[in-house]
Amino acid sequence: MIDKDTIHTGVPMFLDFMSEVEGLLHAALGSCGYKVEQGVNNLGLDVSPHADLASSVAFRLAPLLKKSPVAIAREIHQALTKNYNYVDRVELSGPYLNFFMSQKFLDTVLQQALADNAWTGRMNEKVIVEHTSANPDGPLHVGHIRNSVIGDTLVRILRRAGCTVDAEYYVNDMGRQEAMVVVGLDHFQLDGSKADHAVAKVYIAANRLMETNPEIRTEADSVISRYEAGDEEIVAKVQSAIKYAIGGIEETLHRMNIRHDSYHWESEFVRKGDVAEILGQLEKTGLTEYDEGAFQLDLTAHGFEKKMVLKRANGTSLYITRDLAYHRWKSENSDRSVDILGADHKLVSGQLRTALRLLGVREPEVVIFEFVSLPTGSMSTRKGKFISADELLDEVEKQAYEEVRLRRPEENEAFLKEVAAQVATGAVRYDVVKVSPDKATTFDWKQALDFEKLSAPFIQYSHARACSILRKGEALGEDALAIQADLLTGDNEISLLKKIAQFDLVIDRAARELKPHQLATYARELAESFNHFYRYSPVLDAEPTLRQARMALARAAKNALRATLDTLGIVALETM
RNA sequence: GGGCGCGUGGCCUAGUCAGGAUAAGGCGGCAGCCUCCUAAGCUGUAGAUCGGGGGUUCGAAUCCCCCCGCGCCCGCCA
């Protein structure tokens, strides 16, 4: 049986094993009279094919002690106390120290995984994540959704880690793009298509008209200054256009299981006087000057070649200035603030952070993702050159529908549609999140429509198969809650349990480092691990006691898959 | 020209921050597995001098320098 005091719902699993290993190693090093340098992972700990946790600390000590790593590892190994709880044994393998999990640890993992709320971590910071924030001048395209998916996945990871997260959309209502939409609406009609698409058509037409009619630019300038001055007629026009476009954008986001908790409009910070206040504070740094009538900040001492313009010669404010005010607000209302930005914002976000430092405001953590381009080149809303998120989702859903229909011909239309929609959302999200944000990508229809192993349906399918076993088992009277982890002796059973145990480690890292693609990799490994169990350890046909234990493992795996999929924003279908 | 990022089998990617024990997957190719809990699955096989060159190290895909290629940026746009 398991000691009651080791069971605490909602407490990490692998992290507990790891801290025990760290404790053991530090104690052993101490009794040998050795010290390791300060730094992350100074014990050289890593998950390894050779052990549940391996340490290469002997290598790190070798040059300092002028002894062979093998000899050092042997000394440390002999100095280890045998006071193990979650550790079963430590094997010496040349210069490596290999730590293995105890049966008690595996029992705990299984028990935790069966609890309803076993999947929430201990971070309790308040975090603001700003993502998407696309200009309301058209629909989201396949580049924008990289922002939305990375952002929303991080929101979910941080919440899973225990944080309170506010997902924010920063609405650009004061920029030139929006002014062009308003001018466009004076010259062209919305055509009744989906709101954001209709706005895009007007916006594109206005830009095209400007090529032959320079008056359009003057009209846009006038909209900008009248809006900033608070001209009631213009304010009403701008805001209704924006609300209309955002409505369409929201629809697309909801289709991808993405919701924002709050919206902040740029104009808010101008109207409240924050922008003026910040300009005043920056002036006190002595780094500002007027150049050809424009108010500018000189950041050459901070490595920026060009001056940062804070106010136009005509007196209107600029994006960067309003963004300073917004970021000050965010820092005052959170413990961490996170921005998801495209690679084209690298420079300006560096300038922003430097200016914030001058103002004594906590800087945001910035996640930059590289560009998504089309095989024909980069996308542009203004030129009407893009593949919209809606178009992508429609196509993927159509493909998914065909796949479900082939596999489940006996099911009704509603079933096929529901599964197809959830498979499509999952496939799109997974395709985006599985790639590191640092990587520039080229959109590829063939890849987007591929539902095999490196995709969401692979993981959803594993979950559905686990559900199927549980349904059938429960019909036979099994409760799938019996804790008999010691009966799980097969390699595939133990590695599945160990993979389940890693969930908290993956979430913890992804939440600290803001790397959502690590969770995508874990999801694939977990599903793969479950599939091996499924293939080699029959549950329902096993003899009764073993069947109970395997039922419990199937439920634990189901819970872990479900938690992983939820955190990725992918619906865990019970059947597909 | 300068800054930032990327370069891993035919194609796409993980691993790089915190250097370690045979470079991990997918797609595509070839060969297998449905009287067996959903074959969107599983197994086997071929295929990589980790862009090139130098350096640091007992040890480099990983760190440093140079070069090449690709992307993004260098606006009183956002």
Side-chain angles (χ1 to χ4, degrees), chain A residues 39-42 44-46 48-51 54 56 58-60 62-63 68-69 93-96 98 133-135 137 172 174-178 266 291-296 303-307 309-316 318-320 323 342-348 350 368 370-371 373 378 400 403-404 406-408 423 427 434-442 444 446-447 450-462 464-473 513 515 517-518 520-521 524-525 527-528 531-532 534-542 550 554 575-576:
Chain A
V40 198
N41 200 19
N42 48 13
L45 286 175
D46 206 358
S48 146
H50 309 279
S56 57
F59 282 112
R60 290 162 200 241
S68 86
S93 174
Y96 296 96
N98 289 333
S133 301
N135 288 334
D137 55 17
N172 171 21
M174 302 195 86
R176 185 163 291 281
Q177 283 82 351
E178 205 44 40
E266 288 189 17
D291 191 2
E292 295 186 20
F295 189 53
Q296 314 202 359
F304 295 97
E305 198 183 332
K306 300 276 167 73
K307 291 187 180 123
V309 178
L310 299 168
K311 200 155 70 167
R312 294 189 180 97
N314 71 9
T316 55
L318 286 152
Y319 172 84
I320 186 100
D323 217 19
D344 52 339
H345 285 67
K346 265 187 245 187
L347 179 64
V348 76
I368 297 281
E370 292 291 328
F371 259 50
S373 54
S378 52
E403 303 264 349
V404 198
L406 284 173
R407 290 176 168 86
R408 307 292 294 272
V423 164
K434 74 181 180 191
V435 181
S436 159
D438 299 327
K439 218 95 152 185
T441 60
T442 303
D444 176 8
K446 184 177 166 290
Q447 212 174 304
D450 180 10
F451 298 147
E452 292 188 44
K453 199 168 191 171
L454 209 59
S455 75
F458 175 81
I459 303 151
Q460 290 173 304
Y461 186 64
S462 298
R465 297 215 288 192
C467 289
S468 176
I469 292 176
L470 292 168
R471 271 195 303 273
K472 292 187 174 167
E513 300 171 15
K515 300 239 170 103
H517 76 282
Q518 293 175 349
T521 302
R524 195 210 78 230
E525 290 169 357
E528 215 160 42
N531 288 341
H532 292 157
Y534 184 91
R535 168 72 179 77
Y536 296 106
S537 298
V539 177
L540 303 177
D541 285 346
R550 286 183 177 169
T575 173
M576 62 187 280

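In what follows, chains are A, B, ... by sequence order, proteins preceding strands, each numbered from 1. Only heavy atoms go into these numbers, but all of them, side chains included; no hydrogens, no water, no symmetry mates. Everything quoted here is computed from the prediction, not taken from an experiment.
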- prompt: From B:G71, B:C27, B:C42, pick the nucleotide closest to the side chain of A:Tyr536?
  reply: B:C42
- line: When rounded to whole Å, the CZ to C1' distance for the pair A:Arg312 and B:G75 reads 11 Å
- prompt: With a non-hydrogen cut-off below 4.0 angstrom, is A:Lys307 in contact with a base, only sugar-phosphate, or nothing?
  reply: nothing
- request: Starting from P on B:C76, measure out to CZ on A:Arg176 and report it in whole angstrom.
  value: 11 Å
query: A:Glu452 has a side chain; which of B:C37, B:A78, B:C27 sits nearest to it?
result: B:C27
field: Any strand: nucleotide that pairs with B:C33 via Watson-Crick or wobble, under 3.5 Å
entry: B:G41
message: Can you see whether A:Ser48 engages A:Asp46 through a side-chain donor-acceptor pair at a distance of less than 3.5 angstrom?
response: no
query: Looking only at heavy atoms, what is the nearest atom pair of A:Arg60 and A:Asn42, with distance?
result: CD-O, 3.8 Å
- prompt: Contact class for A:Leu347 vs. all strands (heavy atom < 4.0 Å): base, sugar-phosphate, or nothing?
  reply: sugar-phosphate
- prompt: Is the phosphate of B:C36, meaning OP1 or OP2, less than 4.0 Å from a side-chain N or O of A:Tyr534?
  reply: no
message: For A:Leu318, is there any backbone N or O sitting under 3.5 Å from a side-chain donor or acceptor partner on A:Arg312?
response: no
task: Please determine if A:Lys346 and A:Glu370 form a salt bridge, counting it only when a charged side-chain N lies under 4.0 Å from a carboxylate O.
output: yes
- request: May I ask you to evaluate whether A:His517 reaches the phosphate of B:U13, defined as a side-chain N or O under 4.0 Å from OP1 or OP2?
  value: no
- prompt: Given that both distances must come in under 3.5 Å, which nucleotide forms a Watson-Crick or G-U wobble pair with B:U62?
  reply: none
query: What does A:Thr575 touch in the nucleic acid at a heavy-atom separation under 4.0 angstrom: a base, only the sugar-phosphate, or nothing?
result: base
Nearest-nucleotide pick for A:Ala440, side chain only, options being B:C27, B:C37, B:G71: B:G71
field: Heavy-atom donor-acceptor pair, A:Glu513 side-chain to B:A18 base, under 3.5 Å
entry: yes
query: Hey, does the side chain of A:Lys439 come within less than 4.0 Å of B:G7's phosphate (OP1/OP2), counting only N and O?
result: yes
query: What's the closest nucleotide to the A:Val348 side chain, out of B:C4, B:C76, B:A78?
result: B:A78
message: Please classify the nucleic acid contact of A:Glu178 as base, sugar-phosphate, or nothing, using heavy-atom distances under 4.0 Å.
response: nothing
- request: Select base, sugar-phosphate, or nothing to describe what A:Glu305 touches, counting heavy atoms under 4.0 Å on all strands.
  value: nothing
- request: Answer yes or no: is there a donor N or O on one side and an acceptor on the other, between the side chain of A:Asn172 and the main chain of A:Gly175, under 3.5 Å?
  value: yes
- request: Measure the distance from CG on A:Asp46 to C1' on B:A14 and round it to the nearest whole Å.
  value: 14 Å
A:Lys306 side-chain N/O to B:G75 phosphate OP1/OP2 under 4.0 Å: yes
task: Report yes if some heavy atom in the side chain of A:Leu310 is under 4.5 Å from a heavy atom in the side chain of A:Gln296; otherwise report no.
output: no
Any A:Asn531 side-chain nitrogen or oxygen under 4.0 Å from OP1 or OP2 of B:C42: yes
- prompt: Heavy atoms, side chains only, cut-off 4.5 Å: are A:Glu266 and A:Tyr319 in contact?
  reply: yes
statement: One should read off an interatomic distance between A:Asn531 CG and A:Arg535 CZ, to the nearest 0.5 angstrom, of 11.5 Å
- request: Report yes if a side-chain nitrogen or oxygen of A:Arg535 is closer than 4.0 Å to either non-bridging phosphate oxygen (OP1 or OP2) of B:G41; otherwise report no.
  value: no
message: Is there, by distance only and without an angle test, a donor paired with an acceptor across the side chain of A:Asn98 and the base of B:A21 below 3.5 Å?
response: yes
message: Any base atoms under 4.0 Å from A:Ser436, or only sugar-phosphate, or nothing? Heavy atoms, all strands.
response: sugar-phosphate
message: So A:Ala54, base contact, sugar-phosphate only, or nothing? Heavy-atom distance under 4.0 Å.
response: base
statement: Side-chain contact check for A:Phe458: nearest option of B:C42, B:C73, B:C17 is B:C42
- prompt: Counting any heavy atom closer than 4.0 Å, what does A:Glu292 reach on the DNA or RNA strands: base, sugar-phosphate only, or nothing?
  reply: base
- prompt: Taking the nucleotide of RNA chain B with the closest heavy atom to each, which residue, A:Lys446 or A:Ala62, is nearer the 5' end?
  reply: A:Lys446
query: What is the distance, rounded to the nearest whole Å, between atom CZ of A:Arg408 and atom C1' of B:A39?
result: 13 Å
message: Taking the minimum atom-to-atom distance to the side chain of A:Ala294, which one of B:G71, B:U22, B:C76 wins?
response: B:C76
query: Does B:C34 adopt a syn or an anti glycosidic conformation, taking syn as a chi angle within 90° of 0?
result: syn
- prompt: If you look at every strand shown and take non-hydrogen atoms under 4.0 Å, does A:Ser537 touch a base, only sugar-phosphate, or nothing?
  reply: base
Among B:A40, B:C37, B:C76, the nucleotide that comes nearest once only the side chain of A:Leu318 is considered: B:C76
message: Can you measure A:Asn42 atom CG to B:C17 atom P for me and round it to whole angstrom units?
response: 15 Å
Phosphate contact (B:A39 OP1 or OP2) by A:Arg465 side-chain N/O below 4.0 Å: yes
task: For A:Ala343, report the nucleic acid contact type (base, sugar-phosphate, nothing); a contact means any heavy atom under 4.0 Å.
output: sugar-phosphate
query: Would you say the side chains of A:Arg524 and A:Ser455 form a donor-acceptor pair under 3.5 Å?
result: no
- prompt: Given that both distances must come in under 3.5 Å, which nucleotide forms a Watson-Crick or G-U wobble pair with B:U57?
  reply: none
- prompt: Which nucleotide sits closest to the side chain of A:His532: B:C76, B:A39, B:U43?
  reply: B:U43
task: Name the pairing partner of B:C72, where a pair is Watson-Crick or G-U wobble with both distances under 3.5 Å, or state none.
output: B:G3
Counter-base of B:A24, judged by Watson-Crick or G-U geometry with both distances under 3.5 Å: B:U13
field: Nearest-angstrom distance from the residue atom NZ of A:Lys434 to C1' of B:A24
entry: 15 Å
message: Any base atoms under 4.0 Å from A:Ser93, or only sugar-phosphate, or nothing? Heavy atoms, all strands.
response: base
query: Whole-Å distance between B:A39 P and A:Leu406 CG?
result: 16 Å
task: Scan A:Lys453 against the nucleic acid and name what it touches under 4.0 Å (heavy atoms): base, sugar-phosphate only, or nothing.
output: sugar-phosphate
query: Looking at the side chain of A:Tyr319, which of B:A78, B:C73, B:G5 is the nearest nucleotide?
result: B:A78
query: Rounded to whole angstroms, how far apart are NE2 on A:His345 and C1' on B:G3?
result: 17 Å
field: A:Gln177, nearest nucleotide to its side chain (from B:A78, B:C42, B:G5)
entry: B:A78
- prompt: When we call it a touch if two heavy atoms are under 4.0 Å apart, what does A:Val309 touch: a base, just sugar-phosphate, or nothing?
  reply: sugar-phosphate
